[in-house]
Trainee: 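Dropping the structure in here first, questions after.
Sequence positions, counted from 1, serve as the residue numbers for this chain.
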Amino acid sequence: MTDYPTNAYSLICMGHHAVLEVYLNGAPTILHASPGDLVFSFPATELLRDGANRLDVVYEPLDVEKRSYTPTPEVSVQIQLSQGRLGEATLLNARYGMEEERLVSEPLTVFSGRPVQPDLGNISRPRPEAERPFTIWFGDGKPSREFTRIVPVEFRIDDAPLGDVAWAGTEPLEDDGDTRDALWQAMARLHQAVERRDREGFVEIAGPYLARMAHIWGKPDAGAAADTILARAPWASERAAGMVPLLSRQEARSATLAFGSDRRLVEFSDRRVAATDAGGEVLSALPLYFARQPGGPFLACFSRDMA
């Protein structure tokens, strides 16, 4: 039995007048692209590591009244990390400063008006860095506008049982023919494993992700984590009657790629492995991101939602 984490962490994201995409240690978590406020929280333990961590907040100013993607003092962002029932450590809390032309930190939380608490329990020393231009690539292959920026925030978690993320030590990726072909081959292996209900094949291609989930869940190994997922995932149930055809090798050369913020994780953003029901409707998909150790093949290392 692994020494699995005893602390549960959740990321709490709030945004006003902004398109927002949030990454933890390079892994994409949420993309909020509607004019309404963002108020969302989700379990984050699997995305964190013992020691140095990184939050990347990508924002695009949204003037809701003018229906334009332009800077406005209404833009505000509040990102917090909770540890169990201890409360929330504030990692980023800022409003857009028209004179500074960037997000400016505030001493009171922009949504609740309480004093910012940067340190809590095992969480400490959040340090926002200078923001810089960034591009959000949406699922339809369209990029975000000229005012999109990324704000990196370094912080620490001192929690040895937490371990490390599944893509630790993987290499940064380029969008080139070799990357696309190797990613397509990994997708083909995953597609085949799901289509054949091949447990061992699933463990082989998704080993890093499954091993990480086994650690988080207190399971003995990747195979046990696979059993847990296969027992509850719609795509592995009797309702699954077929598969959405895998994109062709030729299609993979021009399909839209979605990268993590540090470009170590990647997926074909609009062509996931997906199962269908008896009527041919998509039952559920596998939003798996792949990564590669230097000299190794692409393996599945992260999922937004494996259900």
Side-chain angles (χ1 to χ4, degrees), residues 18-35 38 40 42 47 56-62 69 132-150 166-167 170-195 205-206 208-209 235 243-276 280-292 297-307:
V19 172
L20 285 169
E21 188 160 27
V22 180
Y23 300 82
L24 268 179
N25 289 318
T29 59
I30 59 169
L31 172 59
H32 172 77
S34 71
L38 168 66
F40 189 72
F42 56 90
L47 309 180
D56 286 316
V57 179
V58 179
Y59 77 97
E60 180 175 14
L62 174 59
Y69 294 95
R132 62 180 187 273
F134 194 83
T135 299
I136 299 174
W137 290 95
F138 298 101
D140 57 6
K142 295 180 180 179
S144 54
R145 280 77 170 178
E146 61 179 300
F147 294 108
T148 308
R149 299 290 185 269
I150 183 171
W167 54 97
T170 58
E171 61 185 7
L173 303 167
E174 298 294 333
D175 184 354
D176 55 29
D178 290 342
T179 294
R180 287 174 173 271
D181 193 61
L183 179 59
W184 179 84
Q185 292 182 54
M187 289 282 289
R189 290 173 59 197
L190 176 63
H191 187 279
Q192 185 180 70
V194 173
E195 185 174 38
I205 188 64
Y209 169 75
W235 49 264
M243 298 288 293
V244 173
L246 180 70
L247 79 169
S248 69
R249 207 163 194 158
Q250 181 67 31
E251 289 173 323
R253 295 174 184 173
S254 59
T256 302
L257 294 183
F259 288 91
S261 58
D262 59 4
R263 300 185 72 86
R264 297 176 189 274
L265 293 165
V266 65
E267 70 159 1
F268 290 112
S269 64
D270 53 354
R271 293 296 299 271
R272 293 167 175 161
V273 170
T276 59
E281 297 295 323
V282 174
L283 184 62
S284 63
L286 281 72
L288 277 165
Y289 280 74
F290 291 79
R292 180 169 59 190
F298 274 104
L299 297 174
C301 291
F302 167 69
S303 175
R304 290 183 192 247
D305 181 9
M306 181 60 82

Trainee: I'd like to know if the side chain of R263 reaches the main chain of L173, judged simply by a donor and an acceptor atom lying under 3.5 Å from each other, with no hydrogens or angles considered.
Mentor: yes
Trainee: Measure the CG-CG distance between L38 and L20 for me, rounded to the nearest 0.5 Å.
Mentor: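 Between atom CG of L38 and atom CG of L20 there are 6.0 Å.
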Trainee: Is there a side-chain contact between T29 and F42, using heavy atoms and a 4.5 Å cut-off?
Mentor: yes
Trainee: Without swapping roles, check the side chain of S284 against the backbone of W235 for a donor-acceptor pair under 3.5 Å.
Mentor: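 Yes, the answer is positive, given that a donor and an acceptor are paired below the 3.5 Å cut-off.
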Trainee: When rounded to the nearest 0.5 angstrom, what distance separates CG in L299 from CZ in R292?
Mentor: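 Separation between the atoms: 10.5 Å.
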Trainee: Would you mind reporting whether F290 and L265 have side-chain heavy atoms less than 4.5 Å apart?
Mentor: no
Trainee: Looking at residues at least two apart in the chain, or sitting in another chain, which of them share a side-chain hydrogen bond (donor to acceptor under 3.5 Å, both in side chains) with R271?
Mentor: none
Trainee: Just jot down the side-chain contact (heavy atoms from CB on, under 4.5 Å) partners of Q250, sequence neighbours excluded, or say none.
Mentor: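 side-chain contact (heavy atoms from CB on, under 4.5 Å) list for Q250, sorted by chain: S248, R253.
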Trainee: Any sub-3.5 Å donor-acceptor pair from N25's side-chain atoms to L47's backbone N or O?
Mentor: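 Checking the backbone N and O of L47 against the side chain of N25, a donor-acceptor pair under 3.5 Å is found.
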Trainee: Going by side-chain hydrogen bond (donor to acceptor under 3.5 Å, both in side chains), name the residues that satisfy it together with Q192, two or more places apart in sequence or in a different chain.
Mentor: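 If we apply the side-chain hydrogen bond (donor to acceptor under 3.5 Å, both in side chains) test to Q192, skipping adjacent residues, there are no hits.
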Trainee: One pair to check against side chain to side chain contact (heavy atoms under 4.5 Å, CB included): Y59 and R149. What are the steps and the verdict?
Mentor: CA-CA 6 Å; Y59 77 97; R149 299 290 185 269; 3.6 Å; yes
Trainee: Counting heavy atoms not belonging to Q185, are there more than 12 under 6.0 Å from its CD?
Mentor: yes
Trainee: Enter the distance from F298:CZ to D181:CG here, rounded to the nearest 0.5 Å.
Mentor: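 Output value for this atom pair is 10.0 Å.
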Trainee: What pairs with T179 under side-chain hydrogen bond (donor to acceptor under 3.5 Å, both in side chains), at least two apart in sequence or on another chain?
Mentor: D176
Trainee: Roughly how far, to the nearest 0.5 Å, is OG of S303 from OH of Y209?
Mentor: 4.5 Å
Trainee: Evaluate the ring planes of F134 and Y23, with Trp represented by its six-membered ring, and classify them as parallel (under 30°), tilted (30 to 60°) or perpendicular (over 60°).
Mentor: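 Ring orientation of F134 relative to Y23: perpendicular.
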Trainee: Can you tell me how far the CG atom of L24 sits from the CG atom of D56, to the nearest 0.5 Å?
Mentor: 9.0 Å
Trainee: My understanding is that only residues two or more places apart in sequence, or in another chain, count here; which of them pass side-chain contact (heavy atoms from CB on, under 4.5 Å) with Y69?
Mentor: V19, E60, L62, R145
Trainee: Checking E195 now: which residues fulfil side-chain contact (heavy atoms from CB on, under 4.5 Å) with it, not counting sequence neighbours?
Mentor: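 Here the qualifying residues are H191, M243.
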Trainee: Could you give the distance from CZ (F302) to CG (L288), rounded to the nearest 0.5 Å?
Mentor: 9.5 Å
Trainee: For the residue pair P28 and Y289, establish whether any side-chain heavy-atom pair is separated by less than 4.5 Å.
Mentor: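 Yes; the side chains approach each other to less than 4.5 Å.
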Trainee: Between E267 and R180, does any NZ, NE, NH1 or NH2 come within less than 4.0 Å of an OD or OE carboxylate oxygen?
Mentor: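 The answer is no: the pair does not qualify as a salt bridge.
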Trainee: Should R304 and E21 be marked as a salt bridge (charged side-chain N to carboxylate O under 4.0 Å, His left out) after you check the CA-CA gap, both sets of side-chain angles, and the distance that decides it?
Mentor: CA-CA 13 Å; R304 290 183 192 247; E21 188 160 27; 3.8 Å; yes
